[in-house]
Amino acid sequence: MAYLGESIGKLGFGLMRLPQKEDSIDVEQTKEMVDLFLKAGFTYFDTAWAYAGSEDAIRQALVERYPRESFQLATKNAAWIGCKTKEEAMAQFDTSLKQTGAGYFDFYLLHNLGEGRTKYFDDFDMWSWVQEKKKEGLIKHVGFSFHSTPEELEDILNKHPEMEFVQLQINYADWENPAVQSKACYEVARKHGKPVVIMEPVKGGMLANPPESVAEVLKKAEPDSSVASWAIRFAASLEGVITVLSGMSNVEQMKDNLSYMKDFKGMNSDQKAVIAKAQEELKKIPLIPCTTCNYCAKVCPKNIGISGSFTAMNLLTLYKDKAFAKHQEEWLVGGHGKARADQCVKCGKCEEACPQHIKIRENLEKVCEALL
């Protein structure tokens with residue numbers, strides 16, 4: 001398994017949040033970031049067909065400026081975005097090849113599997129198609145990114161043992177978060193012998209500015225280290241990890257990441273104890289104790305996205321970022337075809353079904369006040 005990550009290095013350059021210049025990507029600053037990254041000995045770049053402007057930017061900043069064999073480029077296929085036929089899904093690959101100018105992809109991922117999205121890859125038999133592209137030499141390694149439950153991940157890996165790696169959302173805040181289940185998903189991938197690419201190690205930037213009690217723990221342990229560095233080092237210390245993607249948005253973030261990842265050998269026992277203490281501080285923050293079992297959803301006459309609403313509300317409580325929490329509510333509720341909290345008729349059936357005895361109606365009112 002180690003062959004997938006032998007020469008890559010534990011830091012990957014995520015290209016989803018590249019620096020912006022007015023209404024477009026700042027290609028010149030991206031070039032500077034690419035140069036620093038490669039000079040430090042790192043080689044893994046992660047983009048996607050769905051990341052607006054990213055594939056074109058990395059063609060200019062990387063592909064046209066460095067020998068093709070000097071880096072690994074990953075991109076992704078999102079068959080669930082606007083594709084009604086297999087041909088439309090396959091066309092994303094051709095678009096990616098054209099936009100990146102890469103000639104081939106070192107890592108190609110079926111993008112964001114889980115829930116209703118997996119069905120598109122099944123219906124279009126994208127599983128066989130990517131293997132054909134691999135035989136043609138246009139793809140070196142095939143895997144998928146995943147956002148759902150460990151049970152669904154188990155099912156996919158049982159059906160598709162040919163997948164070479166899995167990309168998972170893993171960070172110390174979500175490690176045992178019932179809404180994300182980072183640890184459980186990681187353990188499923190390892191049980192199947194699949195190396196892991198880690199995404200969202202800093203939780204979309206949230207762990208660069210964690211709750212004050214958490215930041216205090218980390219700063220007390222290492223005053224000179226950035227708070228964000230703890231999140232990336234935690235992820236990079238896990239076994240079986242190919243690389244940890246960091247979506248860097250400026251040269252300063254790149255320099256900070258390189259400062260502690262260039263010669264990274266893994267966290268020692270004292271540092272792991274600090275992370276455990278930070279996780280304990282997170283647990284002390286009063287949250288809605290929803291485990292996303294969704295028993296409530298099965299009896300709700302209005303099909304309200306209760307667990308999604310509570311996940312968004314908990315994010316607001318933890319990170320005080322209202323725009324981020326509202327975005328999550330829109331995606332987890334409306335984006336999943338559920339009714340919003342303001343549609344609640346207060347019938348109480350949800351509370352009868354809830355094994356956590358949550359005051360659901362009362363908390364849905366709080367969601368309405370805070371996020372709708």
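Using a 4.0 Å cut-off between a side-chain N of Lys or Arg and a carboxylate O of Asp or Glu, Asp123 and Lys84 do not qualify as a salt bridge. A salt bridge does not link Lys134 to Glu162: none of the charged side-chain nitrogens sits closer than 4.0 Å to a carboxylate oxygen. Salt bridge present: Glu136 and Lys133 bring a charged side-chain N and a carboxylate O closer than 4.0 Å. Taking the charged nitrogens against the carboxylate oxygens, Asp122 and Lys119 have no contact shorter than 4.0 Å, which rules out a salt bridge. The pair Glu281-Lys284 meets the salt-bridge criterion, with a side-chain N (NZ, NE, NH1 or NH2) lying under 4.0 Å from an Asp/Glu carboxylate O.
Looking at Leu238 and Val196, their side chains never come closer than 4.5 Å, going by heavy atoms from C-beta outward. Considering only heavy atoms from C-beta on, Lys272 stays 4.5 Å or farther from Ile275 through its side chain. Put simply, the side chain of Phe264 reaches to within 4.5 Å of the side chain of Ser237, judged on heavy atoms. Contact annotation: the side chain of Phe107 never approaches that of Gln167 to less than 4.5 Å [non-hydrogen atoms, C-beta and beyond]. By the 4.5 Å heavy-atom criterion applied to side chains, Thr317 and Pro286 are not counted as neighbours. Inter-residue side-chain proximity for Phe93 and Thr75 is flagged as unmet; no heavy-atom pair is nearer than 4.5 Å. No side-chain heavy atom of Leu316 sits under 4.5 Å from any side-chain heavy atom of Glu329. Counting only heavy atoms from C-beta outward, the side chains of Asn77 and Trp49 never approach each other to under 4.5 Å.
Side-chain atoms of His192 and Glu154 include a donor-acceptor pair closer than 3.5 Å. Residues Ser148 and Glu115 bring no donor and acceptor atom of their side chains to less than 3.5 Å of each other. Between the side chains of Glu55 and Ser96, at least one donor N or O lies within less than 3.5 Å of an accepting N or O. Between the side chains of Asn257 and Gln253, no donor-acceptor pair of N or O atoms lies under 3.5 Å.
The distance from the NZ atom of Lys298 to the CD1 atom of Ile306 is 12.5 Å, given to the nearest 0.5 Å. A distance of 11.0 Å separates CD1 in Ile170 from CG in Leu245, rounded to the nearest 0.5 Å. Rounding to the nearest 0.5 Å gives a distance of 6.0 Å between CZ of Phe13 and OG1 of Thr30. Within the model, atoms NE2 of His327 and CG of Leu371 stand 13.0 Å from one another, a figure rounded to the nearest 0.5 Å. Atom CD in Glu64 sits 8.0 Å away from atom NZ in Lys31 (nearest 0.5 Å). Remark: Tyr51 OH to His111 NE2 distance equals 4.5 Å, nearest 0.5 Å.
Lys219 NZ: more than 12 foreign heavy atoms inside a 6.0 Å radius. Residue Phe71 qualifies as enclosed at atom CZ: its count of foreign heavy atoms under 6.0 Å is above 12. Open room surrounds CG on Asn209; 12 or fewer heavy atoms of other groups in view lie less than 6.0 Å from it. The environment of OH in Tyr260 is crowded: more than 12 heavy-atom neighbours from other residues, nucleotides or ligands sit within 6.0 Å.
Take Lys135 and apply the side chain to side chain contact (heavy atoms under 4.5 Å, CB included) test, not counting sequence neighbours, and it matches no residue.
Of all non-hydrogen atoms in Leu15 and Ser54, the two that sit nearest each other are O-OG, 2.9 Å. Between Arg65 and Gln60, the closest heavy-atom pair is CD-O, 3.2 Å. Across all their heavy atoms, Ala102 and Arg68 have their closest contact at O-NE, 2.9 Å. The nearest pair of heavy atoms linking Gln271 to Gly266 is OE1-O, 4.3 Å. Smallest separation of non-hydrogen atoms from Ala189 and Leu157: CA-CD1, 4.1 Å. Between Ala221 and Trp230 the shortest heavy-atom distance is CB-CZ2, 4.0 Å.
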Check against side chain to side chain contact (heavy atoms under 4.5 Å, CB included), Glu362 and Lys346: CA-CA 9 Å; Glu362 182 181 311; Lys346 296 183 170 55; over 6 Å; no
Lys283 vs Glu280, salt bridge (charged side-chain N to carboxylate O under 4.0 Å, His left out): CA-CA, chis, key distance, verdict: CA-CA 5 Å; Lys283 290 176 184 177; Glu280 287 303 313; 3.4 Å; yes
Going through the distances and angles, do Leu36 and Met33 end up as a side chain to side chain contact (heavy atoms under 4.5 Å, CB included)? CA-CA 5 Å; Leu36 289 167; Met33 294 167 74; 5.6 Å; no
Tell me, with the steps shown, if Glu200 and Arg17 meet salt bridge (charged side-chain N to carboxylate O under 4.0 Å, His left out). CA-CA 12 Å; Glu200 303 293 349; Arg17 302 179 179 92; 3.5 Å; yes
Assess the residue pair Trp127 and Val142 against the criterion (side chain to side chain contact (heavy atoms under 4.5 Å, CB included)); give the C-alpha distance rounded to whole Å, side-chain angles, the decisive distance to 0.1 Å, and a yes or no. CA-CA 9 Å; Trp127 307 98; Val142 177; over 6 Å; no
For Ser225 and Arg233, run side chain to side chain contact (heavy atoms under 4.5 Å, CB included): C-alpha distance rounded to whole Å, both residues' side-chain angles, the deciding distance at 0.1 Å, then the answer. CA-CA 11 Å; Ser225 297; Arg233 287 182 287 160; 3.9 Å; yes
Pair Asp155, Lys159 - check salt bridge (charged side-chain N to carboxylate O under 4.0 Å, His left out), show working. CA-CA 6 Å; Asp155 182 57; Lys159 290 176 179 175; 3.1 Å; yes
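Between the side chain of Thr243 and the main chain of Gly9, a donor-acceptor pair closer than 3.5 Å is present. For the pair Gln29 (side chain) and Val251 (backbone), a donor-acceptor distance under 3.5 Å is present. A side-chain donor-acceptor contact under 3.5 Å links Glu351 to the backbone of Ile360. Between the side chain of Lys194 and the main chain of Pro161, a donor-acceptor pair closer than 3.5 Å is present. Formation of a donor-acceptor pair under 3.5 Å by the Asp256 side chain with backbone atoms of Glu252 is not found in this model. Remark: side-chain polar atoms of Lys322 are paired, donor with acceptor, to backbone N or O of Ala370 under 3.5 angstrom. Lys349 places no side-chain N or O within 3.5 Å of a backbone atom of Pro301 that could act as its donor or acceptor partner. Judged purely by atom type and a 3.5 angstrom limit, Gln328 has no side-chain atom pairing as donor or acceptor with the backbone of Thr311. At distances below 3.5 Å, at least one donor-acceptor pair connects side-chain atoms of Thr292 with backbone N or O atoms of Pro178. Proximity of a side-chain donor or acceptor of His336 to a complementary backbone N or O of Trp331 within less than 3.5 Å is detected.
Phe144 and Phe121 have their aromatic ring centers separated by at least 6.0 angstrom. Aromatic pair Phe324/Tyr319: centroids not less than 6.0 angstrom apart.
Cluster membership check: Phe37 shares its hydrophobic cluster with Val202, using side-chain heavy-atom separations under 4.5 Å among Ile, Leu, Val, Met, Phe, Trp and Tyr.
Screening residues 38-50 for salt bridge (charged side-chain N to carboxylate O under 4.0 Å, His left out), with sequence neighbours left out, gives Asp46-Lys76.
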